[in-house]
Amino acid sequence: MEPSSDRPDMPSAGQLSAGERVLFYLPVVTGWWFEEVIFPLITALSKAHEVHVMAPPEWRNTGLSRAQAPLIEQADGVFWHLLDGPNHHQLRIDASEDDALIEFVERLAPDLVLCRSADIKTPARFPGIVRHLMEGGAPPLKNGVNRIRLAETLFDYGMMPELSAQENARLDAIGAQLWADQIDPLERSLPTRTQFLAETGLPPDRPIIALPLEYEHAENFFNQHLPIPNNPAMIAAIAAQIPADAVLAVTNHPLNELYCNNIAVHAAIAAQDDRVVLLESGPVQGRRTIELARHCDGMIVCNSKSWAPCAAFGKPLLRLSAFQTGSWVGAYDKLPDFLSDVLSGHRRRPDQALARRWFAFHFANEVFAPTDPDLSAADIIARVSRPIRPDTWDAVIAEYRAQFTPEPA
């Protein structure tokens, strides 16, 4: 697909200039992501680098449309390439065999490629360093508005680099602060197990296996990486292997409840009688899944960030995913092994000391806010060229804690 740059709603690509080039490759960007996350990065980077943006026209709520034209017109010196060929739909899934697209990017020769892409094969063929723009949330810790991370792939969770003993000690101290600030007060505020069971109708005499569902709106092309194609099929497949003396407790994704038709999910649950229970959401978005993570006997996830509460609360986790999970999580990868251990009481649990260390590393080193008014091009580039930055940890975590730690009474 040869990109075009002559659409009336897109500025012309113009003549390439010398210097480092940054390419934003955005086949599955939504309007919200573009406006709230991506555009601030484009603005910051274009002040010091040659910036190119490649995106398809809008389809299934992804790509760019005239709604983004006012922002595009503000971006002086940025080169825009609309991928509007007849097969632009394929960009959302797998364009790795689109030689015209690959050749265009090779001629562009970017030094850095920042992707909002559910397709990992195509960016892997691009020149330069490639990073994926991914959500930064790691509940139950608070994330703040629009925090993201620059990831080497899509859904590797809990990964830790090799660090010195001194650096690990610093992270352990930060983790202790985060737990005192947020996790300890959270646990005191959560219902007891008895209260939780009474509120949800879950049985007190059966092991509880948790299943948070994935976001299933048509815009979510990331679901192509799920091992089971959709939530109803996942419920049926897992419920078929849950013993009669256990119960599968399901929480729906908050965005499914807002934007999706959930008839098939309810039907899949109803077909299982009392072996599967759908928990009603509470007034606070995502709170019910956190409560479930606290009180379940084990949780099953695919690529949901609901793995993180299990890690924080030390609960056994089965991860059905082709992506990596940090070894400290002790995640299972086979349902029979997971069920056998959980139901017998011989279960692997996340290492709680390393859980605190990972959360500390994540919030001190990995995530950042594109809307930070002090964010510069140099800051963004440093996150790629020097991904481990202990000299910044104290300032970053102090700012983070200041947002979420109540003032003493």
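In what follows, residues are counted from 1 in the order of the sequence shown.
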Asks: When you measure from the side chain of Tyr400 to the backbone of Lys142, do you find a donor-acceptor pair of N or O atoms at a distance under 3.5 Å?
Replies: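 Confirmed, Tyr400 side chain pairs with Lys142 backbone.
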Asks: Look only at the side chain of His362 and the backbone of Gly136, and say whether a donor-acceptor pair between them is shorter than 3.5 Å.
Replies: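 Judged by distance alone, yes, a pair lies under 3.5 Å.
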Asks: Identify the heavy atoms of Pro56 and Leu82 that sit nearest to each other, and give their distance.
Replies: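 Of all heavy-atom pairs spanning Pro56 and Leu82, the closest is C-CD1, 3.9 Å.
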Asks: Side chains of Glu20 and Leu112, heavy atoms from C-beta outward: is any pair under 4.5 Å?
Replies: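 The answer is no; the side chains never approach within 4.5 Å.
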Asks: Roughly how far apart are Trp59 CH2 and Phe221 CZ, rounded to 0.5 Å?
Replies: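 Atom-to-atom, Trp59:CH2 and Phe221:CZ are 4.5 Å apart.
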Asks: Would you say that more than 12 heavy atoms from the other residues, nucleotides or ligands in this model lie under 6.0 Å from the CD of Glu280, or not?
Replies: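 Atom CD in Glu280 is not crowded, with 12 or fewer foreign heavy atoms closer than 6.0 Å.
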Asks: Assess the residue pair Ile38 and Gln68 against the criterion (side chain to side chain contact (heavy atoms under 4.5 Å, CB included)); give the C-alpha distance rounded to whole Å, side-chain angles, the decisive distance to 0.1 Å, and a yes or no.
Replies: CA-CA 12 Å; Ile38 306 292; Gln68 287 80 50; over 6 Å; no
Asks: What pair of heavy atoms forms the shortest contact from Met234 to Ile228, and how long is it?
Replies: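 Smallest interatomic distance, heavy atoms only, reads N-CG2, 3.5 Å.
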Asks: For Gly137 versus Pro139, what's the shortest heavy-atom pair and its separation?
Replies: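 Looking at all heavy atoms of both residues, the shortest contact is C-CD, 3.8 Å.
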Asks: Can Asp99 and Arg125 be said to form a salt bridge (charged side-chain N to carboxylate O under 4.0 Å, His left out), step by step?
Replies: CA-CA 10 Å; Asp99 291 335; Arg125 293 191 62 188; 3.6 Å; yes
Asks: If you look at every heavy atom in Leu171 and Arg357, which pair is closest and at what distance?
Replies: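 Nearest pair, atom of Leu171 first, then Arg357: CB-CG, 3.9 Å.
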Asks: Drop me the distance from Ser340's OG to Leu335's CG, to the nearest 0.5 angstrom.
Replies: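 The distance works out to 11.0 Å.
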Asks: For the residue pair Asn230 and Asn223, establish whether any side-chain heavy-atom pair is separated by less than 4.5 Å.
Replies: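 No; the side chains remain at least 4.5 Å from each other.
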Asks: For Ser376 and Asp379, test the side chains for any donor-to-acceptor distance below 3.5 angstrom and give the result as yes or no.
Replies: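 Distance-only check passes for Ser376 and Asp379.
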Asks: Show me the pairs that pass ring pair (Phe, Tyr, Trp, His ring centres under 6.0 Å) and involve residues 294-318, at least two apart or across chains.
Replies: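 Applying ring pair (Phe, Tyr, Trp, His ring centres under 6.0 Å) to every pair that reaches into residues 294-318, excluding sequence neighbours, yields Tyr157-Trp307, Phe196-His295, Trp307-Trp358.
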Asks: Indicate yes or no: at least one non-hydrogen side-chain atom of Asp274 is less than 4.5 angstrom from one of Val247.
Replies: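 No; the side chains remain at least 4.5 Å from each other.
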Asks: Does a side chain donor of either Arg383 or Thr392 reach within less than 3.5 Å of an acceptor in the other side chain?
Replies: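 No, no side-chain donor-acceptor contact under 3.5 Å.
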Asks: Do Leu292 and Ile208 come close enough that some side-chain heavy atom pair is under 4.5 Å?
Replies: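 Answer yes - side chains close enough.
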Asks: Please examine the side chains of Pro127 and Pro110, heavy atoms only from C-beta on, and report whether any two atoms are closer than 4.5 Å.
Replies: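 Of all side-chain heavy-atom pairs linking Pro127 with Pro110, at least one is under 4.5 Å.
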Asks: Can you confirm whether more than 12 heavy atoms, excluding those of Ile263, are under 6.0 Å from its CD1 atom?
Replies: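 No, because the 6.0 Å sphere around CD1 of Ile263 holds 12 heavy atoms or fewer from other groups.
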Asks: Is the closest side-chain heavy-atom distance between Pro390 and Gln166 below 4.5 Å?
Replies: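 They are not in side-chain contact.
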Asks: When rounded to the nearest 0.5 angstrom, what distance separates CZ in Arg107 from CD1 in Ile102?
Replies: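 The distance works out to 11.5 Å.
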Asks: Decide yes or no on side chain to side chain contact (heavy atoms under 4.5 Å, CB included) for Leu91 and Leu101, but give the supporting numbers first.
Replies: CA-CA 10 Å; Leu91 295 169; Leu101 172 66; 3.7 Å; yes
Asks: Quick one: does any side-chain atom of Arg349 pair with a main-chain N or O of Gly314 as donor and acceptor, under 3.5 Å?
Replies: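 Judged by distance alone, yes, a pair lies under 3.5 Å.
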Asks: Would you confirm whether Glu58, through its side chain, and Thr62, through its main-chain N or O, come within 3.5 Å as a donor-acceptor pair?
Replies: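 Not confirmed, Glu58 side chain does not pair with Thr62 backbone.
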Asks: Hey, what do you get for CG (Asp297) to CG (Leu343), rounding to the nearest 0.5 Å?
Replies: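 It is 8.0 Å, given to the nearest 0.5 Å.
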Asks: Going by the ring pair (Phe, Tyr, Trp, His ring centres under 6.0 Å) test, which pairs reach into residues 223-247, not counting sequence neighbours?
Replies: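 Checked against ring pair (Phe, Tyr, Trp, His ring centres under 6.0 Å) - neighbours excluded - the pairs reaching residues 223-247 are His225-Phe323.
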Asks: First locate atom CG of Asn252, then atom OG1 of Thr289, and finally report the distance between them rounded to the nearest 0.5 Å.
Replies: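 It is 9.0 Å, given to the nearest 0.5 Å.
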Asks: Is there a side-chain contact between Gln195 and Leu190, using heavy atoms and a 4.5 Å cut-off?
Replies: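 They are not in side-chain contact.
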Asks: Is there a side-chain contact between Arg131 and Glu152, using heavy atoms and a 4.5 Å cut-off?
Replies: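 Sidechains of Glu152 and Arg131: in contact.
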Asks: Would you kindly say whether Arg319 and Thr325 are connected by a side-chain donor-acceptor distance under 3.5 Å?
Replies: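 Yes.
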Asks: Fit a plane to each ring of His52 and Phe79, take the angle between them on a 0 to 90° scale, and name the class: parallel (under 30°), tilted (30 to 60°) or perpendicular (over 60°).
Replies: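 Judged by the thresholds at 30° and 60°, the geometry between His52 and Phe79 is parallel.
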Asks: If you compare all heavy atoms of Arg348 against all heavy atoms of Tyr332, which two are closest, and at what distance to 0.1 Å?
Replies: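 Result for this residue pair: N-OH, 2.8 Å.
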Asks: Hey, mind stepping through Leu150 and Leu133 against side chain to side chain contact (heavy atoms under 4.5 Å, CB included) and telling me if it holds?
Replies: CA-CA 5 Å; Leu150 304 181; Leu133 299 160; 3.3 Å; yes
Asks: What distance do Cys296 atom SG and Glu291 atom CD have between them, rounded to the nearest 0.5 Å?
Replies: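 Interatomic distance, Cys296 SG to Glu291 CD, rounded to 0.5 Å: 12.0 Å.
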Asks: Show me the pairs that pass ring pair (Phe, Tyr, Trp, His ring centres under 6.0 Å) and involve residues 232-271, at least two apart or across chains.
Replies: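 Applying ring pair (Phe, Tyr, Trp, His ring centres under 6.0 Å) to every pair that reaches into residues 232-271, excluding sequence neighbours, yields Tyr215-His253.
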Asks: I'd like to know if the side chain of Arg389 reaches the main chain of Asn365, judged simply by a donor and an acceptor atom lying under 3.5 Å from each other, with no hydrogens or angles considered.
Replies: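 Present.
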Asks: Applying side chain to side chain contact (heavy atoms under 4.5 Å, CB included) to Ile238 and Val276, what does each step give before you reach the verdict?
Replies: CA-CA 10 Å; Ile238 293 173; Val276 182; over 6 Å; no
Asks: Pick one: which of Phe104, Phe24, Tyr25 meets ring pair (Phe, Tyr, Trp, His ring centres under 6.0 Å) with His81?
Replies: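 Only one option passes, and that is Phe104.
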Asks: Sub-3.5 Å donor-acceptor pair from the side chain of Arg401 to the main-chain atoms of Glu399, do we have one?
Replies: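 Not a single qualifying donor-acceptor pair exists.
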Asks: Any donor-acceptor pair under 3.5 Å linking the side chain of Arg275 with the backbone of Ala239?
Replies: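 At least one qualifying donor-acceptor pair exists.
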Asks: Decide whether Thr30 and Asn61 meet the rule of one side-chain donor and one side-chain acceptor closer than 3.5 Å.
Replies: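 Their side chains do not contain a donor-acceptor pair, so the 3.5 Å distance test is not met.
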Asks: Where do Ala44 and Ala377 come nearest, in terms of heavy atoms and distance?
Replies: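 In this case the closest contact between Ala44 and Ala377 is O-CB, 3.4 Å.
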Asks: Any donor-acceptor pair under 3.5 Å linking the side chain of Asn146 with the backbone of Val37?
Replies: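 Flag not set: sc Asn146 to bb Val37 has no pair under 3.5 Å.
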Asks: Is it true that a side-chain atom of Thr122 and a backbone atom of Ser96 form a donor plus acceptor pair closer than 3.5 Å?
Replies: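 Pair found, side chain donor or acceptor close to backbone of Ser96.
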Asks: For the backbone of Pro27 and the side chain of Arg92, can you confirm whether one donor and one acceptor N or O come within less than 3.5 Å of each other?
Replies: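 Checked: pair present.
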Asks: Walk me through whether Asp394 and Arg170 qualify under salt bridge (charged side-chain N to carboxylate O under 4.0 Å, His left out).
Replies: CA-CA 9 Å; Asp394 291 341; Arg170 288 179 62 199; 3.3 Å; yes
